[in-house]
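Taking it in order: structure first as structure tokens, then the write-up.
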Amino acid sequence: MITDQADEDLMVLYQKGEVRAFEVLLSRHRRPVYNFILRFVGDKETAEDLLQEAFMRVIKGAEAYKRQAKFTTWLYTIARNLCVDQTRRRKHRKHASLDAPMDSSEESGTLMDVIPGNEMASDRKSVNKQLHETMQLAIAALSDEQREVFLMREFLDMPFKQIADVVGVPENTVKSRMRYALEKLRLELDEYKDLAKAAP
Amino acid sequence: MTSAGDDDRDDDAQLRQLRAVWVSMRDEEPSDRGLASLMAAAREKASELEHAGQSSWWQRVLASLRRPPVLALATVTVLLGGALILTQRRADMKADATATSESSADKNVVERSDRERDESVPDARRAGAGSPAAAAGSGAPTADTGAATTGSAPVEPTLARPTVEDPEVVTEKAPRRDPRPTPKLKAPTTASTPTAKAEFSVRPDDDAPAPAPAGGSEAGPRGGMGGSSPPLAIAQDEAPVRSDSVTSNAGVAPPPKPKKPIARTAPPSIEGEDRQTTKDASAKDGGKTQPTLEELVKQCETAATRGDCPAVRVLAQRILTRSPAVYKSRVATHAAIKRCLPSTAPNAME
């Protein structure tokens, strides 16, 4: 079965003109790549554009792919570079507006809404939502280097070695950045530790 | 919760709680926007890749040749090949230059040898004509100067020029060479050939590193071609000239070193011979290095032409001492010499 094959084998198949192999790859990695991009850039529309661009680059560069390279390393390197370029392009917008909606959906609130008030959350759902949004803000507050390492490590479950390959820095640097990212998140979320305890 | 293989997480309680928070964050589902265009591009590329896979072998080779590593290899190969070719060509050019310089040096030696041979042939011929003994001893062919310089080698008649030179040409040449010391060397084949005992002489000085005419290169101590050794001829040659015609103590001078090339010195003027005593000549007669009779005659003629009568008288005396026949035939009949000689001298001599 083609769906059981490894990413690298599927890519080799696609190099031979097998479109089905690419479809499998797309279905396998589309969602995690999208979420990585979304958590990196913080914007759904931009994340979808970047996702499409990332897979378009995979298509264009399919000839140059070598079997020895890990496909996910190659794919996330492309995605990460696109995210870095995107964040550089919008550097002028250093801080998120407190009035701006957090995403494009109608029902999404603003950052002002998630800033904790004096009153406690009435129910668990609202607590979770508040906690998740706070977490998103805390992740967005990380530097780009720390954020990419944190996202790949905690959400994609990548080994440090592979993260180092994707980012292009030594493995110890990746570990250091990860340590600083966790420390920063701990400080940012310190006042919500009680909420975290209450979270399911 | 994620768990990496190389996990070195320092999970304290607070961090575990935080991690539980972001792990519980649900993943967003991407919209299908742009998915169709993405798949269309993927199909187009797949067909292109498939076509590329079915391309002919030469297309694949061409495509592989266009890859950067192959281009880099080709560039390095071209550069190395060029460097190799240039190195080889330079080595060939060096070899050619060496061969050319050697051949030109040899050519100069040959040319000089030919020129000297040309000069020596009339002299020797005239000597043969002037001296019946020499003519009888030499047997006609002129000995080559190269053979004369070999010392122990027999004189080989390598050059037999039957040309009869115009006597006037010979006499015209004589004054021109007169200022130079024109030492003569007996044929060094004293034991092997009968011509050595004769008065026949060659002009080994012509093989000497003479002041090169225009751009002529000297053969130097190496000698010339064919193993001839001009320096030897000079060494044997120079000393007699000085001792004979210039200095009075040359007769007691040590015999010249055979291999040492002696630089040609300024020729002593014939006036210097005025100060010489006639006993020099008699001393030389018994010496190993006597001036040849021909040389004496030539010097005498030159001195007479120049009007140097005292020298003419000295030389005539020596010629008369050594060969009255030559004196009669060449000195006494020479108009210029006769003017310098006392009218009674020949008779007195006789």
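Chain A is the first sequence line, chain B the second, and so forth, proteins listed ahead of strands; every chain is numbered from 1. Just the heavy atoms: all of them, side chains too, but no hydrogens, waters or symmetry mates, feed the values below.
Closest approach of A:Ala79 and A:Val33 over heavy atoms only: CB-CG1, 4.1 Å. Of all non-hydrogen atoms in B:Leu49 and A:Ala62, the two that sit nearest each other are CD1-CB, 4.1 Å. Shortest non-hydrogen contact noted between A:Ala21 and A:Leu13 is CB-CB, 3.7 Å. Heavy atoms only, all atoms of each residue included: A:Glu148 and A:Phe40 are closest at CB-CE1, 3.3 Å.
A:Asp165 places none of its side-chain heavy atoms less than 4.5 Å from the side chain of A:Glu171. A heavy-atom distance below 4.5 Å is found between the side chains of A:Glu23 and B:Arg43. Residues A:Trp74 and A:Met11 form a side-chain contact, since some pair of their non-hydrogen atoms from C-beta on lies under 4.5 Å apart. The shortest side-chain heavy-atom distance between A:Glu145 and A:Val167 does not fall under the 4.5 Å cut-off. You'll find the side chain of A:Leu156 reaches within 4.5 Å of the side chain of A:Pro32, heavy atoms only. Annotation: side chain of A:Phe71 is in contact with side chain of A:His29 (closest heavy-atom distance under 4.5 Å).
Interface residues of residues 71-81 of chain B toward chain A, defined by a heavy-atom distance below 4.5 Å: none. Contacts of residues 51-59 of chain A with chain B at a heavy-atom distance below 4.5 Å involve A:Leu51, A:Gln52, A:Phe55, A:Met56, A:Ile59, listed in sequence order. Proximity to chain A among residues 30-42 of chain B is limited to B:Pro30, B:Ser31, B:Asp32, B:Arg33, B:Gly34, B:Leu35, B:Ser37, B:Leu38, B:Met39, B:Ala41, B:Ala42, judged by heavy-atom separations below 4.5 angstrom.
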Should A:Leu10 and A:Arg28 be marked as a side chain to side chain contact (heavy atoms under 4.5 Å, CB included) after you check the CA-CA gap, both sets of side-chain angles, and the distance that decides it? CA-CA 11 Å; A:Leu10 290 172; A:Arg28 201 179 280 178; 3.7 Å; yes

Between A:Met178 and A:Phe160, is a side chain to side chain contact (heavy atoms under 4.5 Å, CB included) present by the stated rule, with each step listed? CA-CA 9 Å; A:Met178 182 66 192; A:Phe160 283 119; 4.0 Å; yes

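Highest contact tally toward chain B, considering only A:Val19, A:Asp49, A:Asn35, A:Ile139, is held by A:Asn35 [criterion: heavy-atom pairs under 4.5 Å]. For the set A:Lys16, A:Glu18, A:Arg39, the entry with the most heavy-atom pairs within less than 4.5 Å of chain B is A:Arg39. Ranking A:Glu63, A:Arg30, A:Lys60 against chain B, the residue ahead of the rest is A:Arg30, based on heavy-atom pairs under 4.5 Å.
Comment: A:Arg88 does not engage A:Asp144 in a salt bridge, judged by the lack of any side-chain N to carboxylate O separation of less than 4.0 angstrom.
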Acceptor/donor pairs from residues 83-95 of chain B side chains to any protein atom, 3.5 angstrom cut, sequence neighbours excluded:
from, atom 1, to, atom 2, distance (Å)
B:Thr87, OG1, B:Ala83, O, 2.6

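Both the backbone and the side chain of A:Leu185 come within contact range of chain B, each with at least one heavy atom under 4.5 Å from a heavy atom of that chain. With a 4.5 Å cut-off on non-hydrogen atoms, A:Phe150 touches chain B through its side chain but not through its backbone.
In summary, the aromatic rings of A:Tyr76 and A:Phe36 are positioned with their centroids under 6.0 Å apart.
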